[in-house]
Amino acid sequence: MATAPSSKRQRDLTTGPIGATLLAFALPTLASNILQSLNGSINSIWVGRFLGEGALAATSNANIIMFLMFSAVFGFGMAATILVGQSVGRGDIEAARRAFGSAVGLVVGGALVITVLGWIFAPEILHLLATPPEAEPLALAYLRVIFLGLPLSMLGVLIQMGLRGTGDSITPLWFMVLSVIIDSSLNPLLIDGIGPFPKMGIAGSATATLIAALVSTFGLIAYGYARDLPIRLRGAELRFLLPAAALVRTIVSKGLPMGAQMLVMSTAGLTMVGLVNRLGVDTAAAYAVSQQLWTYIQMPAMAIGVAVSSMAAQNIGAGKWERVDAITRSGILYNTIITLVVIAAIILFDRPVMALFVGADSAAIPIARHIQLIASWTFVMFGATMVLFSTVRANGSTLAPLIILAIALYPVRIGFALAARPFIGADALWWAFPIGSAVSLVCALWFYRRGTWRKGALIVPAVADGEEHAQADSEPAGRLQPTG
């Protein structure tokens with residue numbers, strides 16, 4: 001069994017104070033998420049300023065397709081991260097490399113196929129999305145370049161997720177910084193042909209993203225080999241890139257529900273947008289502003305969820321079940337504190353912040369402020385739910401969170417919005433958010449306390465051909481019952 005190479009940035013998440021370790025791990029992930037969102041906003045500003053609203057609509061249509069692609073990568077990447085984390089917790093670095101290699105082979109191989117098909121059928125895809133005719137040529141040029149960069153982008157995401165599984169959240173942050181600097185800097189230069197750069201229009205924006213992915217991903221690979229990071233593959237280990245059948249079954253069976261969770265959230269969001277749009281342009285604009293603010297409110301929950309999942313996976317792998325409940329409690333506590341602070345700050349300074357989007361005299365601002373007062377607090381419950389889901393997913397329980405989320409979003413949230421609207425008007429839509437979140441939190445607590453997710457631990461097969469089973473029947477580290 002290979003042991004872990006030393007790395008100052010690789011944290012042993014199975015020892016030391018839980019709260020401080022969790023916070024130190026989560027903050028770089030939070031910073032990465034903020035940078036990624038800011039990068040998207042900055043690029044949209046460049047496209048809108050240089051090329052106009054039609055180009056902005058074109059990038060929006062293309063980004064919907066990319067979101068669907070990355071939803072699948074998120075699921076498979078999270079499944080691999082769990083396997084990596086549990087293997088690292090057991091001190092079995094070879095197993096971690098097997099899991100990571102299979103995930104890379106599976107996802108990047110699939111991405112290459114998608115790239116070819118996407119390039120060929122991009123016009124048909126845009127037609128299915130009902131892309132406005134005036135935006136379709138721009139969207140086609142943008143989308144085809146984005147498809148070219150898809151394998152590199154997916155590889156970069158997988159490497160970052162794998163590193164977090166080993167306990168390293170600092171390295172992904174620095175390479176995210178590098179990617180954002182390159183992408184946001186090259187965007188205006190390649191769009192408008194500034195200086196020695198060619199004038200490429202909207203394709204220049206996509207090319208900037210492609211170059212950023214190229215530099216950051218290969219830089220990350222080179223850094224991994226130079227520092228001998230735990231998930232690097234060399235020599236005979238490169239055979240791990242040929243996905244083993246048992247590992248593929250595990251990654252797909254655990255990854256698909258996590259990818260589907262993102263799709264459920266996005267489709268429910270689109271349904272709610274459709275309901276809001278029926279209330280008029282001012283309300284639609286107010287809701288759009290609220291969504292922009294909610295993007296940042298929910299970031300602490302997402303970052304803490306990643307940290308909880310990585311910590312829980314390593315401790316489950318190490319058989320330290322007594323720490324898992326403490327990790328979950330710390331995650332909920334930190335999420336509640338940080339999210340409340342963010343919500344309070346936004347509500348206190350909501351008018352000047354909202355004015356950045358719609359202007360200080362807009363009729364949408366009072367509506368948006370009303371929405372914030374009712375619905376923003378839902379993200380405290382949302383964050384607690386994400387922490388509970390992150391813990392149970394760390395032991396491979398991925399189907400129950402998907403079912404709970406689907407119930408909370410569709411029959412509860414959207415159902416309440418439709419049923420209560422004749423009685424309380426537009427407020428039915430805003431109250432639907434805390435009601436749906438409360439139901440999901442209660443269900444998540446019930447499933448967590450029920451404890452069936454604790455049975456067994458995900459085990460990477462001991463042989464390369466994957467003949468051994470991928471799911472253990474006993475508790476990790478020989479324990480018959482988990483503590484806590």
Once side chain to side chain donor-acceptor pair (under 3.5 Å) is applied, do any residues pair with R278, and if so which ones, sequence neighbours excluded? none

Got V392 and L388 here, is their nearest side-chain heavy-atom distance under 4.5 Å? no

Atom CG in L30, atom CG in L35: separation rounded to 0.5 Å? 9.5 Å

Going by atom types alone, do S37 and T295 pair a side-chain donor with an acceptor below 3.5 Å? no

Would one find more than 12 heavy atoms of other residues, nucleotides or ligands at under 6.0 Å from atom CH2 of W431? no

Counting C-beta onward and ignoring hydrogens, is there a side-chain heavy-atom pair between L106 and V252 closer than 4.5 Å? yes

Do the non-hydrogen side-chain atoms of V157 and V107 ever get within less than 4.5 Å of each other? no

Within a strict 4.5 Å, meaning less than it, do heavy atoms of the I332 and R329 side chains meet? no

For R232, the salt bridge (charged side-chain N to carboxylate O under 4.0 Å, His left out) test, sequence neighbours excluded, returns D228, E237

For T267, the side-chain contact (heavy atoms from CB on, under 4.5 Å) test, sequence neighbours excluded, returns Y410

Can a salt bridge be assigned to the pair D92 and R98 using a cut-off of 4.0 Å between side-chain N and carboxylate O? no

Exercise: do N335 and T339 side chains pair donor with acceptor under 3.5 Å: yes

Gap separating the CG atom of L112 from the CG atom of L150, nearest 0.5 angstrom: 9.0 Å

Side-chain H-bond candidate by donor/acceptor type, N315 with T14, under 3.5 Å: no

Going by the side chain to side chain donor-acceptor pair (under 3.5 Å) test, which pairs reach into residues 296-313, not counting sequence neighbours? none

Ignoring hydrogens, what is the shortest heavy-atom contact between N33 and M299? Give both atom names and the distance. O-CE, 3.5 Å

Residue of the set W294, F379, F382, W377 for which ring pair (Phe, Tyr, Trp, His ring centres under 6.0 Å) holds with F433: W294

Calculate, to the nearest 0.5 Å, the distance between atoms CZ and CG belonging to R413 and L429 respectively. 10.5 Å

Any salt bridge (charged side-chain N to carboxylate O under 4.0 Å, His left out) involving residues 368-384? Give me the pairs, sequence neighbours left out, ordered by first then second residue. D350-R369

List the residues meeting side chain to side chain donor-acceptor pair (under 3.5 Å) with D427, not counting sequence neighbours, and say none if there are none. H370

Quick one, S290 and W430 - any side-chain contact, counting heavy atoms below 4.5 Å? no

